[in-house]
2 protein chains.
Amino acid sequence: MFDDQASGYDYQRGSRRKCTFERWHQDNQHVMIPLRSAKGGRAVSAVTKTAANSVAVILGHDLSSIDDGDVTWSDAHANFLSSLSQEEIQDLLTCSRLLVLKPRDHLFRAGDHSKDVYIVAEGCIRLFKVSPTGKETILWFNFPGELFGMAEIWSGSQRQVYAIANEATRVYSIRRQDFIKFLGAHPEAAMKAIGILSARVRALGHTLGGLASDNVETRIARLLMRFAAISSATRCSSGVNDAELCVNVRLRHQDIANLIGASRQTVTTTLLQLRKLGAVRMVDHHIHIVQADHLRCLF
Amino acid sequence: MFDDQASGYDYQRGSRRKCTFERWHQDNQHVMIPLRSAKGGRAVSAVTKTAANSVAVILGHDLSSIDDGDVTWSDAHANFLSSLSQEEIQDLLTCSRLLVLKPRDHLFRAGDHSKDVYIVAEGCIRLFKVSPTGKETILWFNFPGELFGMAEIWSGSQRQVYAIANEATRVYSIRRQDFIKFLGAHPEAAMKAIGILSARVRALGHTLGGLASDNVETRIARLLMRFAAISSATRCSSGVNDAELCVNVRLRHQDIANLIGASRQTVTTTLLQLRKLGAVRMVDHHIHIVQADHLRCLF
DNA sequence: TGTTTATTGTCATCCAGGCGACAAACATGC
DNA sequence: GCATGTTTGTCGCCTGGATGACAATAAACA
């Protein structure tokens with residue numbers, strides 16, 4: 001069925017030419033998720049457990065914000081779970097199911113009617129849109145403790161985005177009704193939810209402004225600073241110069257491209273430039289920001 | 001002070017070259033709002049009244065959504081005020097002040113610390129960002145009944161966007177504390193607020209996807225359909241073919257450009273094409289969509 | 001250990017759309 | 001009615017970045 005996807009070099013996830021795009025619709029779904037390999041996107045192969053453990057990991061996740069001109073990003077990735085009280089966490093998680101996802105499993109697709117909100121237990125979920133031409137635009141990543149899927153719950157309608165596991169990931173799944181009930185019972189939590197959505201609005205607005213007025217280099221610089229900020233908690237073990245910022249997220253060039261609305265090639269080239277300038281460097285498969293100032297002055 | 005702004009033709013609001021941009025910083029503000037004329041941007045020349053009347057106008061404002069592929073837009077412009085009960089409206093408006101704005105008055109600027117949320121009573125408020133190079137990106141317009149300014153309230157930080165009156169406008173201003181107290185006291189309303197923020201997230205995500213993957217023509221088409229949908233309530237009086245959709249919002253080409261992240265010239269040209277094709281036409285200073293299908297098939 | 005698939009690096013080509021520069025058409029105030 | 005400011009229409013030039021094509025690694029797998 002997807003036998004053509006594995007062929008050919010320089011396959012850009014989801015950004016094929018229009019002429020071949022029709023193949024994607026062979027499925028009965030609205031739009032096929034562009035899968036990276038034939039066996040890549042298993043359906044939600046979820047193991048359902050009654051959630052109880054592994055909350056500890058999440059709670060330790062604190063975000064010391066790194067100044068990138070404003071505090072947008074640290075807010076946008078506010079750790080919902082750890083901001084709740086013990087009782088609230090109990091209340092919420094008792095009515096949740098724990099889903100276990102393998103890398104590239106999808107949690108939901110655009111067009112789905114799933115009516116759950118999710119909290120990442122561990123791993124990382126990628127939220128993205130797919131344009132009619134098959135181009136993928138990543139809206140954001142969800143890290144442990146983060147709440148997502150909220151936006152679509154309030155419109156009775158279908159999901160508008162895709163959510164897939166970027167790596168081995170576990171998420172708590174909470175049914176719409178339960179979640180609403182929970183918010184009703186815990187006004188504090190409702191306020192926090194509003195706070196998270198607000199941060200999301202600000203973050204998206206920010207991204208939008210950047211996309212509309214900055215060039216690729218600037219957008220990359222912003223993105224790196226942003227990810228450095230949100231991944232600063234999980235410091236990279238390669239204990240190098242602590243002056244350096246570590247972008248401790250697995251990002252392929254294609255991901256960056258999808259994140260900033262550029263082509264993969266341009267990202268490769270630009271990143272290379274930045275490396276030659278000594279602004280960033282690669283430390284086993286992830287980026288370290290050597291001269292934050294250099295990036296910041298591109299803003 | 002702004003004596004140079006009025007000079008020269010083809011002045012693009014806020015998108016001057018970098019070399020002249022420094023002039024904008026003569027003020028002690030972070031970034032000057034690019035004003036359209038020297039006398040344009042008076043400070044909030046607000047007349048404070050105890051809000052009581054003119055709610056009627058707003059409540060009549062109903063949104064029959066026009067299908068543009070999804071229901072995003074009608075949601076995003078959900079009428080917060082009219083969705084509340086009589087008592088809720090009372091509660092909310094008694095602790096509000098009514099601000100009267102002349103066209104181009106600004107309500108707040110990026111960097112401000114104003115801690116209010118607002119509800120449009122009548123008129124229209126434009127929310128936008130200004131990039132370091134002075135380029136303006138419009139996030140959205142707020143129409144009567146709509147709640148805005150919420151996103152920044154939850155971060156203790158400064159406003160990230162500019163809000164100025166697009167025309168003669170009146171807004172209810174509610175202090176942060178009062179608003180939070182209100183939401184606490186009215187869980188229903190809190191849910192509605194969440195719904196609005198959700199819709200905003202969806203709308204921004206949509207715009208982002210479009211900006212990243214569509215060309216200017218498509219983006220314009222989308223925009224027109226969107227505005228036709230949200231302005232369908234206030235039908236244009238020029239009672240022409242009721243088959244036509246009326247974009248009953250005052251939009252200059254520059255506004256459209258700022259809305260979709262394009263240059264004014266390109267917007268002019270593209271719009272002209274669309275007119276030649278018979279897809280849209282001008283009816284005294286605003287756009288009518290003659291062939292909605294034509295626009296929709298550009299998506 | 002060899003084979004297959006994913007990811008990165010490079011290059012030549014091409015074009016959508018940004019930008020400056022005017023002119024004409026409107027608006028608005030005096 | 002004149003003058004000044006604003007918005008729209010048009011052109012030509014020029015570049016950032018998309019696209020396609022491939023080579024070179026690196027990782028996954030069998």
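Chain A is the first sequence line, chain B the second, and so forth, proteins listed ahead of strands; every chain is numbered from 1. Predicted model only: the values in this text are computed from it and were never measured.
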Grab the [atom1]-[atom2] distance between [X] and [N] for me, whole Å please.
X        : N      : atom1 : atom2 : result
B/Leu251 : D/dT6  : CG    : C1'   : 16 Å
A/His286 : D/dA26 : NE2   : C1'   : 18 Å
A/Gln254 : C/dT5  : CD    : P     : 19 Å
A/His253 : C/dG9  : NE2   : C1'   : 9 Å
A/Ile256 : D/dG17 : CD1   : P     : 15 Å
A/Glu167 : D/dA28 : CD    : P     : 14 Å

Inset, instruction - Indicate whether any N or O donor in one side chain lies under 3.5 Å from an N or O acceptor in the other, for A/Ser263 and A/Thr266. - result: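 Checked: A/Ser263/A/Thr266 side chains pair up, N/O donor to acceptor below 3.5 Å.
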Inset, instruction - With sequence neighbours left out, write down each residue that passes side chain to side chain donor-acceptor pair (under 3.5 Å) with B/Thr270, or none if nothing qualifies. - result: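 With sequence neighbours excluded, B/Thr270 shows a side chain to side chain donor-acceptor pair (under 3.5 Å) to no residue whatsoever.
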Inset, instruction - Only counting residues at least two apart or in another chain, list the ones meeting side chain to side chain donor-acceptor pair (under 3.5 Å) with A/Ser213. - result: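 Partners of A/Ser213 by the side chain to side chain donor-acceptor pair (under 3.5 Å) criterion come out as none, since no residue qualifies.
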Under 3.5 Å, is there a donor-acceptor pair between the side chain of [X] and the main chain of [Y]?
X        : Y        : value
B/Thr207 : B/Ala203 : yes
A/Arg219 : A/Gly261 : yes
B/Arg281 : B/Ile289 : no
B/Thr169 : B/Ala165 : no
B/Lys135 : A/Ala212 : yes
A/Asn258 : A/Glu136 : yes
B/Asp105 : B/Lys102 : yes

Inset, instruction - List for me each residue that meets side chain to side chain contact (heavy atoms under 4.5 Å, CB included) alongside A/Val249, sequence neighbours excluded, and say none if there are none. - result: A/Phe143, A/Phe227, A/Ser231, A/Leu251
Inset, instruction - Just jot down the side chain to side chain contact (heavy atoms under 4.5 Å, CB included) partners of B/Ala262, sequence neighbours excluded, or say none. - result: B/Val216, B/Ile260, B/Val267
Legend entry - A/Arg219 vs B/Lys276, nearer the 5' end of DNA chain D by closest nucleotide: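 Nearer the 5' end of the strand: B/Lys276.
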Inset, instruction - Kindly state which residues belonging to residues 208-217 of chain A come within less than 4.0 angstrom of DNA chain C, counting heavy atoms of the residue only, listed by number. - result: none
Legend entry - Residues within residues 267-275 of chain B bordering DNA chain D, heavy-atom distance below 4.0 Å: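 Residues of residues 267-275 of chain B that come under 4.0 Å of DNA chain D are, in numerical order, B/Thr268, B/Leu272, B/Arg275.
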Inset, instruction - Establish, with yes or no, whether the OP1 or OP2 oxygen of D/dA18 is under 4.0 angstrom from a side-chain nitrogen or oxygen of A/Ser263. - result: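 The answer is yes; a side-chain N or O of A/Ser263 sits under 4.0 Å from OP1 or OP2.
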Legend entry - Phosphate OP1/OP2 of D/dA27: any A/His285 side-chain N/O under 4.0 Å: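 A/His285 to D/dA27 OP1/OP2: side-chain N or O found under 4.0 Å.
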Legend entry - Lys NZ or Arg CZ of B/Arg126 over B/Phe128 ring: under 6.0 Å, within 45°: yes
Protein and nucleotides 11-15 of chain C: nitrogen or oxygen contacts under 3.5 angstrom:
none

Inset, instruction - Report yes or no: is there a donor-acceptor pair, N or O only, under 3.5 Å between the side chain of B/Arg264 and the base of C/dG18? - result: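 When only heavy-atom distances are counted, B/Arg264 does not reach the base of C/dG18 through any donor-acceptor pair under 3.5 Å.
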Legend entry - Axis-to-axis angle between the two ends of the helix from C/dT1-D/dA30 to C/dC30-D/dG1 (five base pairs per end, rounded to 10 degrees):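 Comparing the first five pairs with the last five, the axes sit 50° apart.
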Legend entry - For the student: nearest non-hydrogen atoms of A/Leu223 and A/Ile256, plus distance: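 Smallest interatomic distance, heavy atoms only, reads CD2-CG2, 3.7 Å.
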